[in-house]
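Encoded as structure tokens, the structure appears first; notes follow it.
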There are 2 protein chains.
Amino acid sequence: MKKIDILKKLRSSGLRPTKQRVEIATFLFEREKTFHFTVESLNKLLTKKLASKIALATIYNTVHAFKTAGHLSEVEVRGSKTYFDTNVSNHHHFYDSETSELIDINAKDIIIQKIPKAPNGKKIKNVEVFINLKN
Amino acid sequence: MKKIDILKKLRSSGLRPTKQRVEIATFLFEREKTFHFTVESLNKLLTKKLASKIALATIYNTVHAFKTAGHLSEVEVRGSKTYFDTNVSNHHHFYDSETSELIDINAKDIIIQKIPKAPNGKKIKNVEVFINLKN
DNA sequence: ATCTAGTTTATAATCTTTCTAAAGTGAAAA
DNA sequence: TTTTCACTTTAGAAAGATTATAAACTAGAT
């Protein structure tokens, strides 16, 4: 994703393209592969990459703003930290608990044949498959 | 599950059947249906049920000891709190985010037809399906 | 009955995340 | 361009969940 598109992405979601948001968005979206991170890991990587430090609260604010805008998704992972994913399409995950690493699985690579009915007047919003790995 | 079996369950996992552990185990395992809880909800329910209060730290200790012993499983749920489940067999979950309620799905009620190969020298430990509900 | 390693307890500490309120800044309007 | 002001950023405080600590307690072996 190009710089110009990042500005568009921010503006179109009603987010003023501030210096910090552009830097974070550039870091997150200017890459080929999908990217998984926690706020802590993102903060470390940004600190390493950028000359001027971005406040931790700003990273929290920005990640949440991006999530609300639909530019990031949150992944179910057991444990204390919240994981985010730059892949916002419907998909699944491998999880390697040895390395705490998430790997995307394309939605079409998992086919579910049988699924139970949603209970009492509820509907199914989405189905997430989480495959735990071992060595 | 009967009182005698609860004592057995504790002893067989190397846990001394103290007053607190027996009370917590009785509360958790002496029921027909599987039970989902957080440490906070368990603490509230135990406080209501028991005459003498059990320290919060003891509830944390005990729940973790039961989990390590394989008597409880931990469920992936987005959010700040950790959910536990008295159902330790391989199974799946519905999750109603409106009510923060988990509902068990029997393993045989979900059939996965196609599944990707585990990456680079890794093996699949287990597959968890998480179905989010909406109204 | 005594002893001791394993437990419980209250409290402090830690960790992640959110709140607060003051200072800063895009961008619209003058 | 300058002014203006709502939106942002920031550092630090606060909150919420969980874990660590160390002293008091207790199950069960001797």
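Chain letters run A, B, ... following the sequence lines, proteins first, then strands; residues in each count from 1.
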* To do: Search all heavy atoms of Ile105(B) against all heavy atoms of His91(B) and return the closest pair with its distance.
  => O-CB, 3.2 Å
* Asked: What string of B, S and - do you get for nucleotides 13-18 of chain C, 5' to 3', when a contact is any protein heavy atom under 4.0 Å?
  -> ---SBB
* Check the side chains of His36(B) and Asp104(B) for a donor-acceptor pair under 3.5 angstrom, ignoring hydrogens and angles. => yes
* Rounded to whole angstroms, how far apart are CG on Leu10(B) and C1' on dA27(D)? -> 13 Å
* To do: Write down the distance between CG (Asn61(B)) and C1' (dA22(D)), rounded to a whole number of angstrom.
  => 14 Å
* Whole-Å gap separating P (dT26(D)) and CD1 (Ile54(B)) -> 14 Å
* State which of dT9(C), dA11(D), dT9(D) makes the closest approach to the side chain of Gln20(A). => dT9(D)
Under 3.5 Å, which protein N or O atoms sit close to an N or O of nucleotides 26-30 of chain C? Give each pair with its distance.
residue	atom	partner	partner atom	Å
dA27(C)	OP1	Arg11(A)	NH1	2.7

* Using distance alone, with no hydrogens and no angle criterion, decide if Asp109(B) and His92(B) have a side-chain donor and acceptor under 3.5 Å apart. => no
* **Phe66(A) and His71(A) aromatic ring geometry - parallel, tilted or perpendicular at 30°/60° bounds** => perpendicular
* To do: Calculate the interatomic distance between Glu74(B) atom CD and dA17(D) atom C1'; express it in whole Å.
  => 13 Å
* Side-chain heavy atoms under 4.5 angstrom apart, residues restricted to Ile, Leu, Val, Met, Phe, Trp, Tyr: same cluster for Leu28(A) and Ile103(A)? -> no
* Asked: Whole-Å distance between dA27(D) P and Arg21(B) CZ?
  -> 11 Å
* To do: Under the side-chain hydrogen bond (donor to acceptor under 3.5 Å, both in side chains) rule, collect the residues that match up with Lys67(B), sequence neighbours excluded.
  => Glu74(B)
* Asked: Given the side-chain rings of Phe37(B) and Tyr83(B), with only the six-membered ring counted for Trp, is the space between their centroids under 6.0 Å?
  -> no
* Asked: For Ile59(A) and dG12(D), what is the distance between atoms CD1 and P respectively, to the nearest whole Å?
  -> 16 Å
* Would you please say whether a donor-acceptor pair under 3.5 Å links the side chains of Lys122(B) and Asn135(A)? => yes
